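Quick notes on the structure that follows.
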Amino acid sequence: MKLQTELISIDRAHISDSVMERAGELLRLGALVAFPTETVYGLGADALNEEAAQKIYAAKGRPSDNPLIVHIADMEALEGIVKTVPAEARMLAGAFWPGPLTMIFDKKECVPPGTTGGLSTVAVRMPSDEIARELIRRGGGYIAAPSANVSGRPSPTTAQHVYEDMNGRIPMILDGGPVRIGLESTIVDLTEECPVILRPGYITLSMIRGVAGRAEIDQGLIAEDSSLSPKAPGMKYRHYAPRAKLQIVEGPLEGVVSYINRKCADSERTGIICTEETRERYFCGNVKCIGSRKDELSIASHLFSILREFDEDGTEQIYSESFESPELGQAIMNRLLKAAGHRKIDISE
Ligand code: AMP
Ligand code: MG
């Protein structure tokens, strides 16, 4: 059934009471509403209503074993859906909530298996975006919300991206402007002995260790050995992929620039993802600057929109510089590698 999709612009300085009430009512009635968060745009449904949560899978074309993150607006709500809140979770919530951190807990009965992909655990996040928090409160307090893109496509960082993917599939999109971070939340599993990062994000391993004292990275995320699969079910799927064949070029930056220039010399239609530091050094191809190496957040926040732009340009082949670093660069590279289907060219070899 094709729905009429309303795209409503929200003024952050004066969040409209009547619009938020209408959006909250849609959620309470079991419908889907897309909304901004500080990470990416989310596709919301009442997390405690199995039928509503199932609509998310249908609208996104998402595999049914890929569990949803439940979004809450205050700490009291957490106690309502999880069996226990370990001390380390309290410390992490104190430091990073509201914000771009998702934690995994053992779930209570009231969370339906249709929301958690059949798992006995539940992922919970308290976003900091004011529009998101207001909507969660009005929508009943527990909103399941994966990224509001069609499964496999780059996550949406503007309401326009959501409209491209969800027009005709959902009744309402709230437009709060471009998001601040642009990469999905860090996911930490608190059901094991030691906190384990299942997906890297804005909150880094060292930030988590700084608060919880200890934390590890899921070996399935970083292992080259593909027999180890990641613990977050969603991390095994192809994701973020542009239509073009994307390849990441690694090695000393000088060499990377000359390699890409050689590759593009015979085609203006080849895409290049570069940085402010290198943009003047490319002399052919469809060059897009992702941000500055001195400001990793600028790179994170432009990654998904650049991948979508290449789709619009009809680009068939893209070369990207590499952005490895111990901090945000780890999350950026995690998404970029997935988008590239792990195609890497190491020019120093
Ligand atoms: P998305 O909301 O699209 O950013 O995806 C949510 C991510 O959280 C996926 O990678 C899921 O596999 C992961 N996730 C959600 N719930 C759980 C859980 N209970 N245990 C492990 N991973 C989870
Ligand atoms: Mg997603």
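These numbers come from a predicted model, not from an experiment. Just so you know, ligand 1 is whichever comes first in the structure, and atom 1 is the first atom listed for that ligand. Values reported hereafter were calculated over all heavy atoms of this structure, with side chains retained and with hydrogens, waters and symmetry mates removed.
The ligand atoms of ligand 1 that sit less than 4.0 angstrom from a heavy atom of Ala123 are 15 (C), 16 (N), 17 (C). Atoms of ligand 1 lying under 4.0 Å from at least one heavy atom of Ser147, given by number and element, are 2 (O), 3 (O). Each of the following atoms of ligand 1 lies closer than 4.0 Å to a heavy atom of Leu119: 18 (C), 19 (N), 20 (N).
Contact between Ala244 and Asp311 at its shortest, heavy atoms only, is N-OD1, 4.3 Å.
In this structure, atom 5 (O) of ligand 1 lies nearest to the protein heavy atom Arg62 NH2, 3.4 Å. Remark: minimum distance from atom 20 (N) of ligand 1 to any protein heavy atom is reached at Ile104 CD1, 3.5 Å. Protein heavy atom nearest atom 7 (C) of ligand 1, with residue, atom name and distance: Ile187 CD1, 3.6 Å. Ranking the protein heavy atoms by distance from atom 14 (N) of ligand 1 puts Pro67 CG, 3.7 Å first. Taking atom 12 (O) of ligand 1 as the reference point, the nearest protein heavy-atom neighbour is Gly234 N, 2.6 Å. In terms of protein heavy atoms, atom 19 (N) of ligand 1 is closest to Thr121 OG1, 3.0 Å. Regarding atom 2 (O) of ligand 1, its nearest protein heavy-atom neighbour is Pro146 CA, 3.1 Å.
Side-chain contact of Arg293 with Ser325: a donor-acceptor pair under 3.5 Å is absent, judged by distance alone.
For the Mg ion (ligand 2), the set of nearby N, O or S atoms under 2.8 Å includes one belonging to Ser147.
The side chain of Asn66, and not its backbone, has at least one atom closer than 4.0 Å to an atom of ligand 1 (non-hydrogen atoms only; side chain from C-beta on).
Contact annotation: the side chain of Ile290 approaches that of Phe323 to within less than 4.5 Å [non-hydrogen atoms, C-beta and beyond]. A 4.5 Å side-chain heavy-atom check between Leu190 and Ile104 finds every atom pair outside the cut-off.
Under a cutoff of 6.0 Å and an axis angle of 45°, Lys83 and Phe105 do not form a cation-pi pair.
Atom NE2 of His14 has 12 or fewer neighbouring heavy atoms from other residues, nucleotides or ligands inside a 6.0 Å radius. Shown here is Arg28, whose CZ atom has more than 12 heavy atoms of other residues, nucleotides or ligands within 6.0 Å.
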Step-by-step ring pair (Phe, Tyr, Trp, His ring centres under 6.0 Å) determination, Tyr41 to Phe35: CA-CA 6 Å; Tyr41 271 74; Phe35 60 97; 8.2 Å; no
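When the options Glu184, Arg199, Lys107 are ranked by their closest heavy atom to atom 1 (P) of ligand 1, first place goes to Arg199.
Checking side-chain atoms of Thr278 against main-chain N and O of Cys274 turns up no donor-acceptor pair under 3.5 Å.
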